[in-house]
Amino acid sequence: MKPVMTYSGTSTERDLEIDARAYAEAMLNILADFSEEKTHLHDTQRAILNILDDANDEAAQLRTTQRAMINILEDVDAETNERKKSEQQVRELNRSLEARVVQRTAALTAAIKDLEGFSYSVSHDLRAPLRAIDGFSRILLEDYAVKLDDEGRRLMNVVRDNTAKMARLIDDILAFTRAGRSELALVDNDMAALVRTCWEELKPAMGGRQVRYEMGTLPPVRADRAALRQVLINLLSNAVKFTRPRQQAMIEIGGRSEGGENIYYVKDNGAGFDMQYAHKLFSVFQRLHGQDEFEGTGIGLAIVKRIIDKHGGRVWAEGRINEGAIFYFALPNASLDEGEQP
Amino acid sequence: MNDEMEVGILLVEDNQTDAELAIRALKKHNLANGLFWVKDGAEALDFLFKRGVYAERMTEPNPCVILLDLRLPKVDGLEVLRVIKIDERTKLIPVVVLTSSTQDQDMVESYKLGVNSFVSKPVEFGAFMKTVAELGLYWLLINRKPKQ
C-alpha cells in the first residue's frame, strides 16, 4: 500500500517533489489499472463476441435442421399422396376386373346354354329319321320276307342293330344334357327310403341271380329328388351289371356324415377296373370295358358326376381289376329346413 | 282316305314317314277307315272349318278324333289346338297331341288349352306302331263322345 498522497498547506519544494512524484505514481497506477480494465474489457468483449458467434452457428444449425425436417415432412406427404393414388388405382382395377369377371361369366353361361340347347335339338331332331330307318327296314323285312334270302335278312338286321345303337346314344346324349339343364328343386330326402325304392326297381333285372345286398346307414340329405334318384339308379345298376360274372354278387350301399358332407358309397365285388384309368371313369362315352364284355354307352357315370357337381358335391371311385369297385359321392350337408317334408 | 265318307281320324302330321308309319299301324288294326291326313296347321283348320281348298267338303260330322303333331309348318300345333277348343263348332272333338317334343312346357300349354290327351311319339319303331294302334283303338272304339 502506497502512502496516500495528501496536500498540506505550505510545503517546501521537497514536499512538492514528493507530492508530484506520489501523484505521478498514483496516476500511473490508475492508468495501469485502467489498462487492465481495458484488457479485461477487451477480453469480455471478445468472449461476448465468441458467444454471439456460437449462438449464430447454433442458429444456423437449427435452421438447417428445420429445413431438413420440413423436407422430410414434405417427402412423407408426397409418399402418402402416392400411396393414396396407388390405392385408388388398385380399387379401380379391382372394380374393372370384377366387371369383366361378371361379363365373362355371363358370356360363358350363355355359351353353355347355347351348347346345351344345340345338343338337345340335334339329338331330338336325329330321332325322327332314325325312326324312319328303323321302321322302314322292319317293314321291308316283314313285307318282303319271302323275297329275301338269309343273307338279305342278315344285312337288314345289321342295319336295324345299328339304328338301335344310334337311338341309345341319342337317348344318352339327351339324358346327359337334361341332367345339366334343369334347375335343382332341393328337398330333404329320406335316403334309406329312396335307395329301397331304387333297389326294388332294379330287382327284376337280376332275376335268378344270387345277389347279396346290404344296406348300411344312410343319413338324410338335401338334394333334388329326381336327380338323386337318377344317381342311385345309375350306380346301383352298374353294380348289378358288373357283378354278372360272379357266382354270388355282393352289393353294398351306405353312407356317413362327416365334416359338412354326407359321403355315400356303392360297393360291389364285380369286374372292377384298373385304377390307372380312374380319371376316365366319369367322362362322357368313356368305357373301360368292351361292348362284348358289358353293354352300355358310357354315359351313366358322366350323368352321375354332372348331377353331383351341380349340387356342389364330388364323386370318386376305387377299384381293382376283378376285385370289385367302390363308387363314392359326397353331397354338402346343409341343415334340414323345418317345414319341408322328406 | 277321302272326304266323302265320315271322317274317322284326322291326322295332322307334317313328317311324311311318321305319317306313313302311323297310317300303316292303324290300317293293320282296321282303324284307318275314314282317316284323313293333312300336312300342316293351316290345312288342318281349313279342313275343320271348310275353308280354302276344303270349302267344297261335304257336310258331314266332325272327325271322331284329331291326332295332332305340335311341330307344324304355317300354323303351329298349339295354335291349332287353341282354335279348335275355342270354336263352338269344334270344341267337343277329342284332340290327342302326338308329338316328338319332350318339352314339359309344351305339355303344360296343351293341357291349359284343353287337350284331351298328350302322347310322346316313341322313338323306337315297334313302340311307335304299338302306341298309335292303341290310340286308335281307344279313341275310336272305347272312348265315347257326344254326337254332333
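Just so we're on the same page: letters track the sequence lines, and every chain starts at 1.
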Give the interface residues of residues 10-21 of chain B toward chain A, defined by a heavy-atom separation under 4.5 Å.
B:Asn15, B:Thr17, B:Asp18, B:Glu20, B:Leu21
Between B:Arg24 and A:Glu142 (salt bridge meaning N to carboxylate O under 4.0 Å), is one present in this structure?
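Answer for the salt bridge query: yes.
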A:Arg153/A:Asp150 ion pair, N-O < 4.0 Å
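A:Asp150 and A:Arg153: salt-bridged.
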Measure distances from A:Ile139 to the heavy atoms of chain B and classify the residue's part below 4.5 Å as side chain, backbone, both or neither.
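Contact with chain B is through both the backbone and side chain of A:Ile139.
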Just to verify, what does B:Asp104 make a side-chain contact (heavy atoms from CB on, under 4.5 Å) with, not counting sequence neighbours?
B:Met107
Do the ring planes of A:Phe273 and A:Phe327 sit parallel (below 30°), tilted (30 to 60°) or perpendicular (above 60°)?
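Tilted: the ring planes of A:Phe273 and A:Phe327 meet at 30° to 60°.
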Measure up the A:His289 and A:Phe242 rings against each other and bin them: parallel (under 30°), tilted (30 to 60°), perpendicular (over 60°).
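The rings of A:His289 and A:Phe242 sit tilted, inter-plane angle from 30° to 60°.
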Give a yes/no verdict on a cation-pi contact between B:Arg89 and B:Phe49, requiring under 6.0 Å between NZ or CZ and the six-membered ring centre and an angle within 45° of the axis.
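No, B:Arg89 and B:Phe49 do not form such a contact.
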